[in-house]
There are 2 protein chains.
Amino acid sequence: MQGYEEFQKRFEFSPELRNALFENAQYQTFEAGEEIIAQGDTLDSIGFVLEGVLTGNRGNYDGVERMIGLVGAGDIYAETGLFHTTKAFCTFQAVTDCTVLVVPNQVIETIDNKLEMMEFLFWSQSKKLQYTSMIHFASTERDKVIKVAAILEAIAHYSHLEDIPLTIEQLASFLGMSRNTVSKSLRELEKRGAVEIGKAGIRIKERYLLTIDGSGKKLF
Amino acid sequence: MQGYEEFQKRFEFSPELRNALFENAQYQTFEAGEEIIAQGDTLDSIGFVLEGVLTGNRGNYDGVERMIGLVGAGDIYAETGLFHTTKAFCTFQAVTDCTVLVVPNQVIETIDNKLEMMEFLFWSQSKKLQYTSMIHFASTERDKVIKVAAILEAIAHYSHLEDIPLTIEQLASFLGMSRNTVSKSLRELEKRGAVEIGKAGIRIKERYLLTIDGSGKKLF
């Protein structure tokens with residue numbers, strides 16, 4: 001029954017759906033840095049994140065990998081395989097130690113509580129869409145400090161993270177900004193008391209200050 | 001029965017679901033430039049686009065509106081109201097003349113073929129998520145011509161458009177680029193034979209050429 005309690009805690013399913021998923025799930029652990037799914041792999045199951053954070057990174061024509069998303073505990077990954085995309089369009093990698101439950105697509109397709117499952121999938125995709133739209137909207141912002149603050153606020157809000165396990169390098173690649181500009185903006189936000197920059201990532205100290213000029217007014 | 005044939009053509013629903021939605025739908029038309037839903041409005045129904053193109057624009061703290069998405073025929077809008085967001089986070093505006101069917105959320109929630117509807121909603125959100133991820137990924141690209149080409153290819157692919165009814169101004173705001181850079185990149189793509197720049201927007205002449213250096217290799 002490894003992972004059952006975390007599954008119950010992280011995902012609000014009816015007992016019927018929860019048990020049906022859990023009975024057919026595989027419990028897996030990944031160490032920080034480990035690859036979970038490679039870009040181009042066939043997606044034949046959904047991952048439910050119980051603990052930890054993973055990123056989606058897409059390799060580019062120039063050989064550089066860029067982060068396109070962040071998935072935290074309570075979120076799912078690889079769900080697009082259920083419908084229209086059978087190949088992963090990014091590599092999923094653990095950024096911290098992760099535990100996940102992996103459920104084959106076949107199980108989802110034939111499950112008794114399919115309506116509840118589909119409502120969850122719609123809700124989850126919709127949340128990710130809002131997240132991604134927000135990140136894209138913020139990325140066109142010209143004021144660099146407002147931009148970095150808004151993205152951190154979005155990550156904190158949607159991924160439920162207080163400790164964002166990203167290096168300045170990773171954040172810069174995510175935002176299409178230079179390492180130097182991200183670094184300067186972060187130091188500005190640190191001075192404001194909004195964040196603390198550590199070796200393992202960025203700690204959100206006060207979300208309220210991660211807003212336009214720290215006044216609580218949000219960019220998105 | 002106004003709009004029934006277009007609804008049947010644009011949306012692949014079972015006859016039962018199609019009829020249930022259609023019976024409870026309101027047929028509406030909007031002229032180019034007209035506002036359909038204002039940012040902050042309560043979302044109490046879903047729109048099914050039968051003809052035309054509309055954009056989602058979000059007003060910013062600096063008073064400037066930025067485009068955050070494009071919705072074409074066969075797509076839906078305002079569907080987030082069904083679940084977690086009851087207020088519109090952007091203004092929906094017709095960019096060309098549009099005809100739409102509007103179905104109250106209450107109808108969707110109590111419909112007989114709810115599973116089919118939820119599967120459609122999941123699929124639709126998932127497609128929009130891939131679209132938005134692609135746009136964001138491309139927006140961090142440093143080569144301006146590759147960037148503009150990739151975005152146009154994405155719009156053509158996901159919104160099924162050959163004529164993209166956007167001005168250079170609108171495209172620039174969408175991409176967080178200057179009008180001048182977008183204009184130069186478009187002229188480069190026009191020379192390549194990929195697009196034709198007209199007064200009413202950008203016509204895609206050859207999608208194959210809207211790729212990295214025109215060799216068919218895609219950015220995303």
Side-chain angles (χ1 to χ4, degrees), chain A residues 56-58 60-62 64 66-69 79-85 89-90 109 113-143 146-147 150 172-178 211-213 215 217-220, chain B residues 56-58 60-62 64 66-69 79-85 89-90 109 113-143 146-147 150 172-178 211-213 215 217-220:
Chain A
N57 304 299
R58 187 171 162 87
N60 204 1
Y61 68 96
D62 55 13
V64 180
R66 291 191 226 154
M67 190 175 110
I68 57 171
E79 72 280 6
T80 48
L82 262 179
F83 258 85
H84 45 119
T85 334
F89 64 92
C90 62
E109 274 153 20
N113 297 60
K114 199 168 175 187
L115 178 58
E116 185 186 346
M117 188 64 207
M118 281 299 146
E119 285 179 330
F120 168 76
L121 287 169
F122 168 51
W123 170 81
S124 162
Q125 290 301 99
S126 181
K127 202 182 76 153
K128 285 189 183 183
L129 175 59
Q130 209 176 334
Y131 192 177
T132 309
S133 300
M134 195 285 153
I135 299 280
H136 178 60
F137 182 77
S139 76
T140 63
E141 169 61 37
R142 275 156 208 270
D143 183 305
I146 292 179
K147 177 168 165 172
S173 114
F174 191 36
L175 300 177
M177 285 165 81
S178 76
T211 47
I212 298 166
D213 65 39
S215 70
K217 196 178 175 197
K218 286 189 186 188
L219 183 64
F220 201 89
Chain B
N57 304 299
R58 187 171 162 88
N60 205 1
Y61 69 96
D62 54 14
V64 179
R66 290 190 227 155
M67 189 174 111
I68 56 170
E79 72 280 7
T80 47
L82 261 178
F83 258 85
H84 45 120
T85 335
F89 62 93
C90 62
E109 275 153 20
N113 297 59
K114 199 168 176 189
L115 178 58
E116 184 187 346
M117 188 64 206
M118 281 298 148
E119 286 179 328
F120 169 77
L121 287 169
F122 168 50
W123 170 83
S124 162
Q125 291 301 99
S126 181
K127 202 182 75 152
K128 285 190 184 184
L129 175 59
Q130 209 176 331
Y131 192 177
T132 309
S133 300
M134 195 286 154
I135 299 280
H136 177 60
F137 183 77
S139 76
T140 63
E141 169 62 37
R142 274 156 208 268
D143 183 304
I146 292 179
K147 177 168 164 173
S173 115
F174 191 37
L175 300 175
M177 285 165 82
S178 76
T211 47
I212 298 166
D213 65 39
S215 70
K217 197 179 174 196
K218 286 189 186 187
L219 184 63
F220 201 87

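For the side-chain contact (heavy atoms from CB on, under 4.5 Å) criterion with B/Met118, the lone passing option out of A/Met118, A/Lys114, A/Glu116 is A/Met118.
Chosen from A/Met117, A/Met67, A/Glu119, the residue pairing most often with chain B at heavy-atom distances under 4.5 Å is A/Glu119. Across B/Arg58, B/Lys128, B/Arg142, the residue that shares the most heavy-atom pairs under 4.5 angstrom with chain A is B/Arg58. Ranking B/Ile146, B/Asp143, B/Thr140, B/Thr132 against chain A, the residue ahead of the rest is B/Thr140, based on heavy-atom pairs under 4.5 Å.
Contacts between B/Ile68 and chain A at a heavy-atom distance below 4.5 Å involve the side chain alone, from C-beta outward. Only the backbone of B/Met177 comes within contact range of chain A, judged by heavy atoms closer than 4.5 Å. Residue A/Met134: no heavy atom, backbone or side chain, is found under 4.5 Å from chain B. With a threshold of 4.5 angstrom between heavy atoms, B/Phe174 approaches chain A through its backbone and through its side chain. In this structure, chain A has a heavy atom under 4.5 Å from the backbone of B/Leu175, while its side chain stays farther away. Both the backbone and the side chain of B/Glu79 come within less than 4.5 Å of a heavy atom in chain A. When heavy atoms are compared at a cutoff of 4.5 Å, B/Ser124 does not approach chain A at all. Looking at B/Leu115, both its backbone and its side chain come within 4.5 Å of chain A, counting heavy atoms on both sides. Residue contact with chain B, scored on non-hydrogen atoms closer than 4.5 Å, involves the backbone and the side chain of A/Glu141 alike. Residue contact with chain A, scored on non-hydrogen atoms closer than 4.5 Å, involves the side chain of B/Ser139 exclusively. Only the side chain of A/Lys217 has a heavy atom closer than 4.5 Å to any heavy atom of chain B.
Closest approach of A/Phe137 and B/Arg66 over heavy atoms only: O-NH1, 3.0 Å.
One distance of note links CZ of A/Phe122 with CZ of B/Phe120; it measures 10.0 Å at 0.5 Å rounding.
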Going through the checks in order, is the side chain to side chain contact (heavy atoms under 4.5 Å, CB included) test met by B/Leu129 and A/Tyr131? CA-CA 9 Å; B/Leu129 175 59; A/Tyr131 192 177; over 6 Å; no
